[in-house]
Amino acid sequence: MDQPFLYSRYSDLQRADNLFVLEEYLRLLRWDSSPGVGRGGPYAVLDIGVGDGRFAVEVLVPRLPGKCERFVGVDSSEVMVKFANQHYKSRHMEFVQLDIASDTVDPSLERSFDHVFSFYTLHWVRRQRQAFQNIYKLLKPGGDALLAFLATNPIYDIHQIMASNEKWKHYMKTDYIAPYHKKKHPEKQLERILKQVGFTKYMCRLENRSHQFHGVDVLRKSIKAVNPIVSNLSEPEAKEYMDDFMKEIVELPTVKIEKINNNPETITINYKLFIVYALRPDEE
Ligand SMILES: C[S@@+](CC[C@H](N)C(=O)[O-])C[C@H]1O[C@@H](n2cnc3c(N)ncnc32)[C@H](O)[C@@H]1O
(Lines give C-alpha, C1' and ligand atoms only; values in the text may rest on other atoms or scores of the structure.)
Protein backbone atom coordinates (compact mmCIF):
# COMPACT_ATOMS: atom_id res chain seq x y z
CA MET A 1 0.00 0.00 0.00
CA ASP A 2 1.63 3.18 -1.08
CA GLN A 3 -0.93 5.93 -1.60
CA PRO A 4 -0.35 8.20 1.40
CA PHE A 5 -2.21 11.21 -0.06
CA LEU A 6 -5.36 9.22 -0.83
CA TYR A 7 -5.18 7.33 2.49
CA SER A 8 -4.76 10.58 4.41
CA ARG A 9 -8.05 11.81 2.92
CA TYR A 10 -10.07 8.61 2.73
CA SER A 11 -9.47 6.73 5.97
CA ASP A 12 -12.50 7.77 8.04
CA LEU A 13 -13.41 4.14 8.71
CA GLN A 14 -9.96 3.30 10.07
CA ARG A 15 -9.85 6.53 12.08
CA ALA A 16 -13.27 5.88 13.66
CA ASP A 17 -12.32 2.32 14.61
CA ASN A 18 -8.91 3.33 15.94
CA LEU A 19 -10.53 6.03 18.11
CA PHE A 20 -12.99 3.46 19.42
CA VAL A 21 -10.10 1.13 20.28
CA LEU A 22 -8.23 3.86 22.13
CA GLU A 23 -11.32 4.96 24.04
CA GLU A 24 -12.22 1.43 25.09
CA TYR A 25 -8.87 -0.31 25.47
CA LEU A 26 -6.01 2.15 26.04
CA ARG A 27 -6.56 1.83 29.78
CA LEU A 28 -5.58 -1.88 29.62
CA LEU A 29 -1.91 -0.99 29.12
CA ARG A 30 0.48 -0.78 32.04
CA TRP A 31 0.76 2.96 32.57
CA ASP A 32 1.09 2.61 36.32
CA SER A 33 4.27 2.62 38.41
CA SER A 34 4.32 -1.13 39.01
CA PRO A 35 7.77 -2.79 38.78
CA GLY A 36 9.27 -3.20 35.32
CA VAL A 37 11.25 -1.14 32.89
CA GLY A 38 9.89 2.33 32.23
CA ARG A 39 6.78 2.01 34.41
CA GLY A 40 5.57 5.39 35.54
CA GLY A 41 8.55 7.21 33.95
CA PRO A 42 9.31 8.29 30.39
CA TYR A 43 8.60 5.48 27.97
CA ALA A 44 9.13 4.37 24.36
CA VAL A 45 6.34 3.50 21.92
CA LEU A 46 6.37 1.56 18.66
CA ASP A 47 3.54 1.80 16.10
CA ILE A 48 3.57 -1.02 13.52
CA GLY A 49 2.09 -0.16 10.11
CA VAL A 50 2.15 3.56 10.89
CA GLY A 51 1.20 4.35 7.27
CA ASP A 52 1.16 8.05 6.40
CA GLY A 53 1.71 8.87 10.11
CA ARG A 54 -1.34 11.12 10.39
CA PHE A 55 -3.32 8.97 12.80
CA ALA A 56 -0.26 8.43 15.01
CA VAL A 57 0.55 12.14 15.22
CA GLU A 58 -2.95 13.58 15.42
CA VAL A 59 -4.73 10.96 17.48
CA LEU A 60 -2.54 8.32 19.13
CA VAL A 61 0.32 10.34 20.58
CA PRO A 62 -1.88 13.12 22.06
CA ARG A 63 -3.88 10.46 23.92
CA LEU A 64 -0.89 8.75 25.53
CA PRO A 65 -0.65 9.47 29.25
CA GLY A 66 2.59 10.58 30.95
CA LYS A 67 5.75 11.20 28.97
CA CYS A 68 6.34 9.39 25.70
CA GLU A 69 9.99 10.25 25.13
CA ARG A 70 10.52 8.11 22.04
CA PHE A 71 8.02 7.26 19.30
CA VAL A 72 9.04 5.01 16.42
CA GLY A 73 6.59 4.35 13.58
CA VAL A 74 7.46 1.45 11.29
CA ASP A 75 5.97 0.43 7.97
CA SER A 76 6.90 -2.03 5.24
CA SER A 77 6.21 0.58 2.54
CA GLU A 78 9.15 2.84 1.67
CA VAL A 79 6.73 5.41 0.20
CA MET A 80 4.71 5.60 3.44
CA VAL A 81 7.85 5.93 5.59
CA LYS A 82 9.21 8.69 3.36
CA PHE A 83 5.88 10.56 3.51
CA ALA A 84 5.65 10.20 7.31
CA ASN A 85 9.24 11.43 7.79
CA GLN A 86 8.67 14.39 5.46
CA HIS A 87 5.50 15.46 7.28
CA TYR A 88 5.90 14.41 10.91
CA LYS A 89 9.51 13.64 11.91
CA SER A 90 10.53 15.46 15.07
CA ARG A 91 13.02 15.17 17.93
CA HIS A 92 10.92 12.48 19.61
CA MET A 93 9.35 10.89 16.54
CA GLU A 94 10.95 8.88 13.76
CA PHE A 95 9.71 6.60 11.00
CA VAL A 96 11.61 3.53 9.85
CA GLN A 97 11.03 0.88 7.20
CA LEU A 98 10.36 -2.55 8.70
CA ASP A 99 8.32 -5.55 7.64
CA ILE A 100 6.91 -6.93 10.88
CA ALA A 101 6.79 -10.43 9.41
CA SER A 102 10.46 -10.49 8.37
CA ASP A 103 12.72 -13.29 9.61
CA THR A 104 14.75 -10.93 11.77
CA VAL A 105 14.29 -7.46 13.22
CA ASP A 106 17.04 -4.87 13.61
CA PRO A 107 18.80 -6.00 16.84
CA SER A 108 19.06 -2.35 17.95
CA LEU A 109 15.25 -2.26 18.17
CA GLU A 110 14.89 -5.48 20.18
CA ARG A 111 13.68 -5.10 23.82
CA SER A 112 13.34 -1.36 23.19
CA PHE A 113 9.64 -0.56 23.62
CA ASP A 114 7.41 -0.24 26.66
CA HIS A 115 4.27 -0.20 24.53
CA VAL A 116 3.64 -1.51 21.02
CA PHE A 117 0.59 -0.45 19.00
CA SER A 118 -0.64 -1.53 15.63
CA PHE A 119 -3.79 -0.29 13.90
CA TYR A 120 -5.32 -1.63 10.71
CA THR A 121 -2.18 -3.48 9.65
CA LEU A 122 -1.89 -7.07 10.89
CA HIS A 123 -4.65 -8.32 8.56
CA TRP A 124 -2.13 -7.77 5.72
CA VAL A 125 0.31 -10.17 7.31
CA ARG A 126 0.20 -13.81 6.22
CA ARG A 127 3.05 -14.91 8.54
CA GLN A 128 1.09 -14.25 11.72
CA ARG A 129 3.31 -16.30 14.01
CA GLN A 130 6.47 -14.55 12.78
CA ALA A 131 4.83 -11.13 13.25
CA PHE A 132 3.80 -11.90 16.84
CA GLN A 133 7.24 -13.34 17.59
CA ASN A 134 8.79 -10.08 16.36
CA ILE A 135 6.35 -8.01 18.43
CA TYR A 136 7.40 -10.03 21.48
CA LYS A 137 11.09 -9.39 20.70
CA LEU A 138 10.57 -5.65 20.19
CA LEU A 139 8.89 -5.26 23.59
CA LYS A 140 10.90 -4.74 26.76
CA PRO A 141 10.23 -7.41 29.39
CA GLY A 142 7.14 -6.15 31.21
CA GLY A 143 6.04 -4.21 28.11
CA ASP A 144 2.67 -4.65 26.48
CA ALA A 145 0.90 -4.39 23.12
CA LEU A 146 -2.48 -3.18 21.90
CA LEU A 147 -3.29 -4.29 18.36
CA ALA A 148 -6.39 -3.76 16.23
CA PHE A 149 -6.93 -5.32 12.81
CA LEU A 150 -9.63 -6.75 10.59
CA ALA A 151 -10.90 -10.23 11.23
CA THR A 152 -13.74 -10.37 8.68
CA ASN A 153 -14.84 -7.82 6.07
CA PRO A 154 -17.09 -8.17 2.98
CA ILE A 155 -14.35 -6.44 0.94
CA TYR A 156 -12.42 -9.74 1.09
CA ASP A 157 -15.32 -11.48 -0.64
CA ILE A 158 -14.77 -9.10 -3.56
CA HIS A 159 -11.04 -9.83 -3.54
CA GLN A 160 -11.95 -13.50 -3.87
CA ILE A 161 -14.34 -12.78 -6.76
CA MET A 162 -11.72 -10.61 -8.52
CA ALA A 163 -9.07 -13.30 -8.04
CA SER A 164 -11.23 -15.73 -10.01
CA ASN A 165 -11.91 -13.18 -12.78
CA GLU A 166 -9.88 -13.99 -15.95
CA LYS A 167 -9.19 -10.29 -16.47
CA TRP A 168 -7.61 -9.70 -13.07
CA LYS A 169 -6.41 -13.01 -11.70
CA HIS A 170 -2.83 -12.68 -12.97
CA TYR A 171 -2.47 -9.42 -10.97
CA MET A 172 -3.46 -11.17 -7.76
CA LYS A 173 -0.16 -13.00 -7.23
CA THR A 174 -0.32 -12.61 -3.47
CA ASP A 175 -3.21 -13.71 -1.35
CA TYR A 176 -4.68 -10.50 0.07
CA ILE A 177 -7.47 -12.12 2.05
CA ALA A 178 -7.13 -11.40 5.78
CA PRO A 179 -5.85 -14.54 7.52
CA TYR A 180 -8.88 -14.84 9.84
CA HIS A 181 -11.57 -13.87 7.30
CA LYS A 182 -14.61 -16.11 7.90
CA LYS A 183 -12.57 -18.49 10.05
CA LYS A 184 -14.36 -20.41 12.79
CA HIS A 185 -13.13 -19.38 16.26
CA PRO A 186 -10.32 -17.06 15.10
CA GLU A 187 -9.73 -15.98 18.72
CA LYS A 188 -8.61 -19.53 19.56
CA GLN A 189 -6.10 -19.55 16.65
CA LEU A 190 -4.67 -16.24 17.72
CA GLU A 191 -4.52 -17.14 21.41
CA ARG A 192 -2.52 -20.24 20.48
CA ILE A 193 0.03 -18.09 18.61
CA LEU A 194 0.31 -15.59 21.49
CA LYS A 195 0.93 -18.39 23.96
CA GLN A 196 3.48 -20.10 21.69
CA VAL A 197 5.58 -16.97 21.27
CA GLY A 198 5.74 -16.39 25.03
CA PHE A 199 3.05 -13.90 26.01
CA THR A 200 1.66 -14.86 29.40
CA LYS A 201 -1.28 -12.51 29.78
CA TYR A 202 -3.39 -11.76 26.73
CA MET A 203 -6.86 -10.93 25.46
CA CYS A 204 -8.28 -11.48 21.96
CA ARG A 205 -11.67 -9.91 21.39
CA LEU A 206 -13.83 -9.69 18.28
CA GLU A 207 -15.84 -6.48 17.99
CA ASN A 208 -18.78 -6.19 15.58
CA ARG A 209 -18.33 -2.91 13.76
CA SER A 210 -20.24 -0.98 11.14
CA HIS A 211 -19.39 2.02 8.96
CA GLN A 212 -21.47 4.24 6.72
CA PHE A 213 -19.95 5.71 3.57
CA HIS A 214 -21.77 8.76 2.26
CA GLY A 215 -21.72 8.30 -1.50
CA VAL A 216 -20.39 5.59 -3.79
CA ASP A 217 -17.47 7.84 -4.72
CA VAL A 218 -16.31 8.02 -1.09
CA LEU A 219 -16.52 4.24 -0.81
CA ARG A 220 -14.60 3.84 -4.08
CA LYS A 221 -11.78 6.18 -2.98
CA SER A 222 -11.61 4.59 0.49
CA ILE A 223 -11.22 1.15 -1.11
CA LYS A 224 -8.69 2.44 -3.65
CA ALA A 225 -6.59 4.03 -0.87
CA VAL A 226 -5.82 0.61 0.63
CA ASN A 227 -6.04 -1.58 -2.45
CA PRO A 228 -2.73 -3.36 -3.07
CA ILE A 229 -3.34 -3.94 -6.79
CA VAL A 230 -4.39 -0.61 -8.31
CA SER A 231 -1.01 1.06 -7.82
CA ASN A 232 0.54 -1.62 -10.08
CA LEU A 233 -1.90 -0.88 -12.90
CA SER A 234 -1.88 1.79 -15.59
CA GLU A 235 -4.47 4.55 -15.09
CA PRO A 236 -7.05 3.14 -17.55
CA GLU A 237 -6.58 -0.37 -16.10
CA ALA A 238 -6.94 0.95 -12.55
CA LYS A 239 -10.21 2.63 -13.53
CA GLU A 240 -11.53 -0.57 -15.10
CA TYR A 241 -10.42 -2.60 -12.10
CA MET A 242 -12.18 -0.23 -9.69
CA ASP A 243 -15.31 -0.20 -11.90
CA ASP A 244 -15.42 -4.02 -11.73
CA PHE A 245 -14.73 -3.97 -7.98
CA MET A 246 -17.56 -1.51 -7.36
CA LYS A 247 -20.02 -3.48 -9.54
CA GLU A 248 -19.39 -6.51 -7.34
CA ILE A 249 -19.57 -4.67 -4.04
CA VAL A 250 -23.01 -3.21 -4.59
CA GLU A 251 -24.29 -6.74 -5.31
CA LEU A 252 -23.11 -8.18 -2.00
CA PRO A 253 -25.98 -9.12 0.33
CA THR A 254 -23.86 -8.01 3.32
CA VAL A 255 -23.59 -4.44 2.00
CA LYS A 256 -26.63 -2.22 2.51
CA ILE A 257 -27.28 0.74 0.19
CA GLU A 258 -29.95 3.37 0.91
CA LYS A 259 -30.85 6.46 -1.07
CA ILE A 260 -33.13 9.11 0.36
CA ASN A 261 -34.35 11.83 -2.03
CA ASN A 262 -31.47 13.53 -3.85
CA ASN A 263 -28.88 12.87 -1.14
CA PRO A 264 -25.85 10.69 -1.93
CA GLU A 265 -26.40 6.99 -1.21
CA THR A 266 -25.51 5.72 2.23
CA ILE A 267 -23.57 2.48 2.03
CA THR A 268 -23.33 0.49 5.24
CA ILE A 269 -20.68 -2.17 5.70
CA ASN A 270 -20.64 -4.53 8.67
CA TYR A 271 -17.44 -6.31 9.68
CA LYS A 272 -15.50 -7.70 12.63
CA LEU A 273 -12.44 -6.13 14.21
CA PHE A 274 -9.87 -8.02 16.27
CA ILE A 275 -8.64 -6.28 19.41
CA VAL A 276 -5.60 -7.89 20.99
CA TYR A 277 -3.88 -7.02 24.24
CA ALA A 278 -0.68 -8.92 25.11
CA LEU A 279 1.86 -8.60 27.91
CA ARG A 280 5.48 -9.77 27.71
CA PRO A 281 6.27 -11.10 31.17
CA ASP A 282 8.66 -9.25 33.46
CA GLU A 283 12.04 -10.91 33.87
CA GLU A 284 12.84 -12.39 37.28
C1 LIG B 1 -4.33 0.79 6.42
S2 LIG B 1 -2.73 1.34 6.75
C3 LIG B 1 -2.88 1.77 8.47
C4 LIG B 1 -2.16 3.05 8.81
C5 LIG B 1 -2.39 3.54 10.24
N6 LIG B 1 -1.91 2.57 11.22
C7 LIG B 1 -3.85 3.86 10.48
O8 LIG B 1 -4.51 3.11 11.23
O9 LIG B 1 -4.35 4.82 9.91
C10 LIG B 1 -1.80 -0.19 6.87
C11 LIG B 1 -0.31 0.01 6.78
O12 LIG B 1 0.33 -1.23 7.10
C13 LIG B 1 1.50 -1.35 6.31
N14 LIG B 1 1.89 -2.77 6.31
C15 LIG B 1 1.33 -3.80 5.64
N16 LIG B 1 1.99 -4.94 5.88
C17 LIG B 1 2.99 -4.63 6.74
C18 LIG B 1 4.02 -5.38 7.36
N19 LIG B 1 4.17 -6.69 7.11
N20 LIG B 1 4.88 -4.76 8.20
C21 LIG B 1 4.76 -3.43 8.43
N22 LIG B 1 3.80 -2.65 7.87
C23 LIG B 1 2.94 -3.25 7.03
C24 LIG B 1 1.07 -0.79 4.96
O25 LIG B 1 2.18 -0.39 4.18
C26 LIG B 1 0.20 0.38 5.38
O27 LIG B 1 0.90 1.59 5.44
*Path from Y120 to I158 over hydrophobic side-chain contacts below 4.5 Å*: yes
Same cluster or not: are Y88 and L6 linked, directly or through other Ile, Leu, Val, Met, Phe, Trp or Tyr residues, by side-chain heavy atoms under 4.5 angstrom apart? yes
Quiz item: Do NZ/NE/NH1/NH2 and the carboxylate oxygens of D12 and R15 come within less than 4.0 Å?
Solution: no
Exercise. Considering only heavy atoms from C-beta outward, does the side chain of L122 approach that of I135 to under 4.5 Å?
Worked result: yes
Taking S76's backbone N and O only, do any of them form a donor-acceptor pair with Q97's side chain (distance below 3.5 Å, no angle check)? yes
Stepwise side-chain contact (heavy atoms from CB on, under 4.5 Å) check, E187 with L206: CA-CA 8 Å; E187 314 91 300; L206 279 175; 3.8 Å; yes
Any donor-acceptor pair under 3.5 Å linking the side chain of D75 with the backbone of G51? yes
Any luck finding a side-chain donor-acceptor pair between D17 and Y271 under 3.5 Å? yes
Could you walk me through whether Q196 and R129 pass side-chain contact (heavy atoms from CB on, under 4.5 Å), step by step? CA-CA 9 Å; Q196 279 168 358; R129 193 173 189 284; 3.0 Å; yes
Exercise. Go through the steps to decide whether H211 and N270 satisfy the test side-chain hydrogen bond (donor to acceptor under 3.5 Å, both in side chains), and finish with yes or no.
Key: CA-CA 7 Å; H211 188 81; N270 298 304; over 6 Å; no
Donor-acceptor contact present, side-chain T152 to main-chain K182, <3.5 Å
yes
- prompt: Within the side chain of S118, is there an N or O that forms a donor-acceptor pair under 3.5 Å with the backbone of T121?
  reply: no
In terms of heavy-atom contacts, V57 and P62 come closest through O-CD, 3.2 Å
dist I257:CD1 -> E251:CD (nearest 0.5 Å) comes out at 8.5 Å
Might you work through the side-chain contact (heavy atoms from CB on, under 4.5 Å) test for E94 and V96, ending with a clear yes or no?
-> CA-CA 7 Å; E94 58 178 311; V96 177; 3.9 Å; yes
Tell me, yes or no, whether the heavy-atom count around R9 atom CZ, taken from other residues, nucleotides or ligands under 6.0 Å, exceeds 12. no
**Request:** Taking the side chain as every heavy atom from C-beta outward, state whether Y202 and L190 have any atom pair closer than 4.5 Å.
**Result:** no
Check your understanding: So, do H159 and N227 sit near enough that their side-chain heavy atoms are less than 4.5 Å apart?
Key -> yes
(Q) I'd like to know whether Y136 forms a side-chain hydrogen bond (donor to acceptor under 3.5 Å, both in side chains) with E110, so could you lay out the CA-CA distance, the side-chain angles of the two residues, the decisive distance to 0.1 Å, and finally the verdict. (A) CA-CA 9 Å; Y136 186 91; E110 282 186 25; over 6 Å; no
request  = State whether the side chain of S102 and the backbone N or O of L98 hold a donor-acceptor pair below 3.5 Å, judged by distance alone.
outcome  = no
- Query: Is D103 paired with R127 through a side-chain N to carboxylate O contact shorter than 4.0 Å?
  - Reply: yes
L109 reachable from L147 in the ILVMFWY side-chain graph, under 4.5 Å edges
yes
Margin query: Take a 6.0 Å sphere around NZ of K67 and say whether it holds more than 12 heavy atoms from other residues, nucleotides or ligands.
Written below: yes
key: NZ (K272) with more than 12 external heavy atoms under 6.0 Å   = no
message: Under 4.0 Å between a side-chain nitrogen and a carboxylate oxygen: does that hold for E283 and K140?
response: no
Next on the checklist: Please check: side-chain N/O of H92 versus main-chain N/O of R70, any donor-acceptor pairing under 3.5 Å?
Outcome noted: no
message = Could you tell me if the side chain of P141 sits less than 4.5 Å from the side chain of R111, heavy atoms only?
response = yes
Check: Given side chains that start at C-beta, do those of M246 and L219 come closer than 4.5 Å, heavy atoms only?
Finding: yes
Q.
Set out, in order, the CA-CA distance, both residues' side-chain angles and the distance that settles side-chain contact (heavy atoms from CB on, under 4.5 Å) for F213 and T268, then state yes or no.
A. CA-CA 6 Å; F213 295 87; T268 306; over 6 Å; no
**Item:** 4.5 Å side-chain heavy-atom contact, L233 and K239
**Value:** no
Taking K224's backbone N and O only, do any of them form a donor-acceptor pair with Q3's side chain (distance below 3.5 Å, no angle check)?
yes
Ignoring hydrogens and geometry beyond distance, is a side-chain donor-acceptor pair present between E207 and Y25 at under 3.5 Å? yes
_Quick check on the hydrophobic clustering: are V116 and L60 connected, directly or via other members, by side-chain heavy-atom contacts under 4.5 Å?_
no
Handout entry: Close side-chain approach of P4 and V79, heavy atoms under 4.5 Å
Key = yes
Problem - R63 (side chain) donor-acceptor with V59 (main chain) under 3.5 angstrom - result: yes
In short, F95 meets V81 closest at the heavy-atom pair O-CG1, 3.5 Å
When rounded to the nearest 0.5 Å, the distance separating OG of S77 from CZ of F83 is 11.0 Å
Parallel, tilted or perpendicular: which fits the ring planes of H123 and F149, with parallel below 30° and perpendicular above 60°? tilted
| task | Side-chain contact test, heavy atoms from C-beta onward, threshold under 4.5 Å: evaluate it for F245 versus I223 and give yes or no. | result | yes
d(L139 CG, F199 CZ) to nearest 0.5 Å is 5.5 Å
- prompt: Going only through I, L, V, M, F, W and Y residues with side-chain contacts under 4.5 Å, is there a path from I249 to Y10?
  reply: yes
CG of L273 to CG of L13, rounded to nearest 0.5 Å, is 9.0 Å
Rounding to 0.5 Å, atoms CG (N153) and CZ (R209) come to a distance of 12.5 Å
**Prompt:** Would you call D282 and R30 a salt bridge, using N to O less than 4.0 angstrom?
**Reply:** yes
Subject >> Full working for salt bridge (Lys or Arg N to Asp or Glu O under 4.0 Å) between D243 and R220 >> reply: CA-CA 9 Å; D243 287 346; R220 184 183 174 114; 2.8 Å; yes
| Aromatic plane relationship, F119 with F117 - under 30° parallel, 30 to 60° tilted, over 60° perpendicular | parallel
Value for CG (L26) from CH2 (W31), rounded to nearest 0.5 Å, stands at 5.5 Å
Exercise for review: Answer with yes or no whether the side chains of Q128 and Y180 bring together a donor and an acceptor at under 3.5 Å.
Suggested key: yes
Is the NZ atom of K201 crowded by more than 12 outside heavy atoms at less than 6.0 Å? no
| said: Quick one about Y277 and D144 (side-chain donor to acceptor, distance below 3.5 Å, no hydrogens or angles considered), yes or no? | reply: yes
